[in-house]
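In what follows, residues are counted from 1 in the order of the sequence shown.
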Amino acid sequence: MKISLLKKTIYFIFVTVTVSLLFISCGKETNDENILYRTFNRTVTNTTGGFVIDSLDLNGDTYVDAAFLLFRSTSSDSAVCALIGRNSSASLVDSTQSFGSLFFSKLLERGQVPVVLDPIKKEWAKGAFFASRISAVTLGIAGAGDKFIPVAIDNPLTTQYHYGWVRINVSADLKTIQVIDGAYNYIPDVPVEMGAK
């Protein structure tokens with residue numbers, strides 16, 4: 001009788017531990033060895049007017065891949081937040097909306113995959129704005145929480161693009177951009193889903 005109770009107790013403990021480990025392992029994010037994930041946790045702030053620029057090195061090669069630009073007018077409450085790529089680097093855009101020579105960023109949700117860059121189509125551009133306020137009209141993602149910007153970074157040696165994403169958050173007053181994190185795909189010409197690590 002005591003041996004039977006001991007066996008049942010051991011079996012119960014074994015099942016409990018196994019099920020617990022299964023739930024724990026299912027909750028962990030998987031890491032793709034072809035994707036470089038980076039945490040930035042940087043804030044670009046402009047409260048006084050003029051231009052503030054902060055560089056972004058997404059692939060960790062010490063070269064600037066893109067720059068965040070935050071412009072605020074000193075004479076009014078106008079502001080523009082943009083991402084400008086170096087060389088031929090680009091971000092996904094909505095070519096039907098523009099601000100001067102900049103197109104509006106086409107932001108994606110977690111899990112979405114951007115279209116492949118086609119130089120003939122106007123789906124990617126070197127510069128794109130993602131928030132603006134002109135004459136009390138606000139456009140874009142100001143105050144909308146965390147958003148993903150799809151990016152394509154050119155490799156000048158191979159003329160191939162490496163896709164990635166950057167997660168940002170723009171304050172409702174357009175005075176700050178928080179650059180949260182980002183990822184870069186080591187495999188050229190293969191877009192990655194937003195939030196992939």
Side-chain angles (χ1 to χ4, degrees), residues 37-59 64-115 117 121-153 161 163-185 191-197:
Y37 170 75
R38 302 189 68 194
T39 301
F40 296 107
N41 288 327
R42 290 196 328 240
T43 302
V44 183
T45 304
N46 187 348
T47 56
T48 59
F51 288 93
V52 173
I53 299 173
D54 192 7
S55 63
L56 178 69
D57 175 16
L58 189 59
N59 59 10
V64 173
D65 296 315
F68 284 96
L69 172 93
L70 180 49
F71 168 77
R72 293 187 59 77
S73 171
T74 55
S75 60
S76 68
D77 194 27
S78 298
V80 175
C81 302
L83 179 67
I84 310 296
R86 70 153 168 90
N87 298 331
S88 298
S89 295
S91 60
L92 192 62
V93 296
D94 177 354
S95 61
T96 64
Q97 296 184 26
S98 64
F99 177 78
S101 61
L102 290 179
F103 290 116
F104 185 73
S105 289
K106 190 171 195 175
L107 305 170
L108 299 180
E109 298 295 325
R110 180 181 294 278
Q112 287 185 298
V113 178
V115 297
L117 192 149
K121 296 180 180 178
K122 292 184 178 180
E123 296 171 313
W124 293 82
K126 183 176 181 175
F129 76 97
F130 44 85
S132 70
R133 180 170 42 243
I134 307 296
S135 301
V137 176
T138 302
L139 299 173
I141 62 168
D146 296 352
K147 297 295 178 184
F148 291 94
I149 299 177
V151 295
I153 299 169
Y161 284 92
Y163 292 86
W165 56 265
V166 180
R167 186 165 42 151
I168 63 168
N169 189 314
V170 180
S171 64
D173 60 6
L174 283 90
K175 291 183 179 179
T176 61
I177 304 168
Q178 183 182 9
V179 183
I180 302 164
D181 55 1
Y184 171 88
N185 191 358
V192 296
E193 69 179 42
M194 302 298 99
K197 297 179 181 181

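Shortest non-hydrogen contact noted between L58 and A183 is CD2-O, 3.3 Å. Of all the heavy atoms in L70 and I177, the pair that sits closest is CB-CD1, 4.2 Å. Smallest separation of non-hydrogen atoms from A125 and F103: CB-CD1, 4.0 Å. Residues I84 and G127 approach most closely at CD1-CA, 3.8 Å, considering heavy atoms. Here the shortest heavy-atom pairing between L117 and Y163 reads N-OH, 2.7 Å. The two atoms that bring A79 and I134 nearest to each other are O-CD1, 4.4 Å, heavy atoms only.
Comment: R167 engages D181 in a salt bridge, judged by a side-chain N to carboxylate O separation of less than 4.0 angstrom.
A distance of 9.5 Å separates CD in E193 from CZ in F148, rounded to the nearest 0.5 Å. Going from atom CG of L102 over to atom CZ of F130 covers 10.5 Å, rounded to the nearest 0.5 Å. Note that CZ of F40 and CG of D54 are 10.0 Å apart. Values are rounded to the nearest 0.5 Å. Atom-to-atom distance recorded for L83:CG and L69:CG is 9.5 Å, nearest 0.5 angstrom.
Classified by interplanar angle (parallel below 30°, tilted 30° to 60°, perpendicular above 60°), the ring pair F71/F51 is tilted.
With hydrogens and angles ignored, the 3.5 Å screen pairs no side-chain donor or acceptor of Y161 with any backbone N or O of A90. At least one donor-acceptor pair under 3.5 Å links the side chain of R38 to the backbone N or O of D57.
Inspection of the S171 and D173 side chains reveals an N or O donor paired with an N or O acceptor under 3.5 Å. Checking S89 against N87 by side-chain atom types alone, no donor-acceptor pair falls below 3.5 Å.
Across T47, D77, T48, a single residue satisfies side-chain hydrogen bond (donor to acceptor under 3.5 Å, both in side chains) together with R72, and that is D77. The residue from I153, L56, V151 that alone fulfils the side-chain contact (heavy atoms from CB on, under 4.5 Å) condition with D65 is I153.
By the 4.5 Å heavy-atom criterion applied to side chains, K126 and R86 are not counted as neighbours. Contact annotation: the side chain of V52 never approaches that of T45 to less than 4.5 Å [non-hydrogen atoms, C-beta and beyond]. P114 has its side chain out of reach of W165: every pair of non-hydrogen atoms, C-beta onward, lies at least 4.5 Å apart. Looking at R42 and I180, their side chains never come closer than 4.5 Å, going by heavy atoms from C-beta outward.
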> Under the side-chain contact (heavy atoms from CB on, under 4.5 Å) criterion, do Q178 and N41 qualify, and how do the steps go?
Replying inline: CA-CA 7 Å; Q178 183 182 9; N41 288 327; 4.3 Å; yes
> Is there a side-chain contact (heavy atoms from CB on, under 4.5 Å) between L107 and I168 once you walk through the steps?
Replying inline: CA-CA 10 Å; L107 305 170; I168 63 168; 5.6 Å; no
> Are R133 and V80 close enough, and set up right, to give a side-chain contact (heavy atoms from CB on, under 4.5 Å), and what steps lead you there?
Replying inline: CA-CA 7 Å; R133 180 170 42 243; V80 175; over 6 Å; no
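Remark: aromatic rings of F129 and F104 are close, center separation under 6.0 Å.
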